[in-house]
Visitor: 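Please find one structure pasted underneath; my questions will follow.
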Amino acid sequence: MTIANEVLRASRAQQNFCMTQTEAFRHQMPPPLAPRPLNLPEPFETTLSNGLSVVLVEDQRLPLISFRLAFHSGQANDPAGLPGLGDMMSHLLTEGTATRTSRQIAEAVERLGASLSVGSGSDFTTVAASSLSIYADEILELMADVTLHASFPQNEIDLARENTKQMLIQQRAQPNFLATERVAQVMFGSHPYARVAPTAEMLDAMTREDILSFCKSAFIPNNAVMLIVGDCDRDAMIARIEQLFSGWQPGALSDLHFPELPKRESRTAYVVDRPGSAQSNIVIANHGITRSSPDYFPMLLMHTVLGANASSRLFMNLREHKGYTYGAYSNLDARRLAGTFRATAEVRTSVTGASLHEFFFELERIRNEAVSEEEINNAKSYLAGVFPIRIETQEGLTDQLVSIRMLNLPRDYLHSYRERVNEVTADQIQNVAQKYVTPDRAAIVIVGDAAEISEQVKQYSEVIELYDTEGKRKAEGSKQ
């Protein structure tokens, strides 16, 4: 019996030791693996006689191919009196050519199991296509047809105009759109970036001649880059592009001069009144950086620590600790010509003022206190870890190459990204926070019930401007 008890005690001791070792293992994070090289194929670059730049990356891992024809003209290039013209043109590009109707284009793309689309942003416009590599010739021919021979049928223009009007009605019922519109107008002033959407009157003023003229001036080969990533033979692909696009005539590049952004000297609140709203959409904005700024990587690290994801300071404070919102974030909006840095959340109406208190607490803290070693290491690990995921697919890599070309980024951007992230120091993060996060000059934009939130906002801004959901200034004390 004694021997049996000793054996039992020894067995239990061994189990306890194993459990202790297991628990210790569970509480200790394993060290990260050493970064692996990206091993990206070297792009081949050439320029056609008409000025069209071509960048080709051969990637034969899968029988797929992706095309992007990117133009250096975006929504910022819209005529001053016709905002939305470039977006309208982009939408209509695939709605008819000299030899194909909208339906025929759609059926041809569907038959190939491919995709063909056009997108327009602030800084550039992109015609995008992708397919199995065996259909590369066919989808590229369709891409060339809509780019070079778009006919903009009047019936399609009328349909797009009416659809856009209905979309605008829906947008004005959305607090996020109202906040975005007000922030853009406050921060960008007379700059084209301030134009978020046209009005119904502006849409009615657009004519087929306006669209044709804008397309002719913006869609020229010496204003574009053709990017190809996928399974193809380089020489054959260049020959096919030359065949399809060499007759495309170059044009004069517009020498546009944009006005300076309005200078902010004090903190001001802008309330968009939505009577009865159960939530307040809060955006706190400062002027930021351009995408090619040397401050970009320190700003990226600062943004990641402050509010880029669900483990960042804003989220942990306003959601996890206070329970004011489902999520609080920061936004680094860096474009070709200008940018903003924003802190955002949708909170319960009753805690609008309390939420502003926590926002400004965190904004002051990122300015005045150096980030901890743990925070900066976690941010670097996150950014360096997700970056390869973004370029592991053909589409992801192609989109990154477009950004490099359209936003004037260094040619070695993809190869140097992780190194640039890991070079950032805590001092650099604090320096850019003090430079660009300026709570005393911030624009506070809130979409919500003005009657319920105005008193809460007053302690954070002596000046409160009131707007309706149509974007029109309301007189102080107005109930309409």
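Quick note: residue numbers are just sequence positions, from 1.
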Visitor: For the pair Y436 and F341, evaluate ring pair (Phe, Tyr, Trp, His ring centres under 6.0 Å) and give the outcome as yes or no after the intermediate values.
Guide: CA-CA 7 Å; Y436 300 107; F341 185 75; 8.8 Å; no
Visitor: Considering residues, nucleotides and ligands other than H191, do more than 12 of their heavy atoms fall under 6.0 Å from its NE2?
Guide: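 Atom NE2 in H191 is packed in, count exceeds 12.
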Visitor: Is a donor on one side and an acceptor on the other found under 3.5 Å between the side chain of T349 and the backbone of A278?
Guide: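 Yes, because the side chain of T349 sits within donor-acceptor range (under 3.5 Å) of the backbone of A278.
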Visitor: Find out whether P192 and D78 are in side-chain contact, i.e. whether some heavy atom of one side chain is under 4.5 Å from a heavy atom of the other.
Guide: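 Answer no - side chains too far apart.
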Visitor: Taking only Lys NZ, Arg NE, NH1 and NH2, and the carboxylate oxygens of Asp or Glu, determine whether D210 and R208 approach each other closer than 4.0 Å.
Guide: no
Visitor: Are more than 12 heavy atoms, taken from residues, nucleotides or ligands other than Q154, located less than 6.0 Å from that residue's CD atom?
Guide: yes
Visitor: Could you check whether R291 makes a cation-pi contact with Y296, meaning its NZ or CZ is under 6.0 Å from the centre of the six-membered ring and within 45° of the ring axis?
Guide: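 Yes, R291 lies over the aromatic ring of Y296.
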Visitor: Fit a plane to each ring of F188 and Y193, take the angle between them on a 0 to 90° scale, and name the class: parallel (under 30°), tilted (30 to 60°) or perpendicular (over 60°).
Guide: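 The rings of F188 and Y193 stand perpendicular, inter-plane angle above 60°.
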Visitor: Going by an N to O cut-off under 4.0 Å, is there a salt bridge joining D399 and R390?
Guide: no
Visitor: Can a donor-acceptor pair be found between the side chains of T352 and S280 at a distance below 3.5 Å?
Guide: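 Judged by distance alone, the side chains do pair up.
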Visitor: Verify the distance criterion only: is there a donor paired with an acceptor across the side chains of S115 and S130 at less than 3.5 Å?
Guide: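 Note: S115 and S130 side chains meet the donor-acceptor criterion.
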Visitor: Report yes or no: is the cationic atom of R336 (NZ for Lys, CZ for Arg) under 6.0 Å from the centre of the six-membered ring of F124, at an angle within 45° of the ring normal?
Guide: no
Visitor: Apply salt bridge (charged side-chain N to carboxylate O under 4.0 Å, His left out) to the pair R68 and E395, showing each step before the final yes or no.
Guide: CA-CA 10 Å; R68 297 290 187 279; E395 293 289 296; 2.7 Å; yes
Visitor: Identify the residue among V272, L356, V347, D273 that makes a side-chain contact (heavy atoms from CB on, under 4.5 Å) with I446.
Guide: L356
Visitor: Side chains of D87 and S120: do they bring a donor and an acceptor to under 3.5 Å?
Guide: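 Their side chains do not contain a donor-acceptor pair, so the 3.5 Å distance test is not met.
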Visitor: Do the charged groups of R274 and D449 touch, with an N to O distance under 4.0 Å?
Guide: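 No, R274 and D449 are not salt-bridged.
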Visitor: Please determine whether a side-chain nitrogen of the Lys or Arg among E181 and R172 lies less than 4.0 Å from a carboxylate oxygen of the Asp or Glu.
Guide: yes
Visitor: Side-chain donor-acceptor pair under 3.5 Å between N309 and S312, yes or no?
Guide: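 Result is yes, a qualifying pair exists.
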Visitor: How far does CD1 of I453 sit from OG of S350, to the nearest 0.5 angstrom?
Guide: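 Reported to 0.5 Å precision, the distance equals 11.5 Å.
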Visitor: Ring-plane angle category for F219 and F71, please: parallel below 30°, perpendicular beyond 60°, tilted otherwise.
Guide: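 Taking F71 first and then F219, their aromatic rings lie parallel (interplane angle under 30°).
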Visitor: Is the NZ or CZ atom of R473 positioned over Y270's six-membered ring, under 6.0 angstrom from the centre and within 45° of the axis?
Guide: no
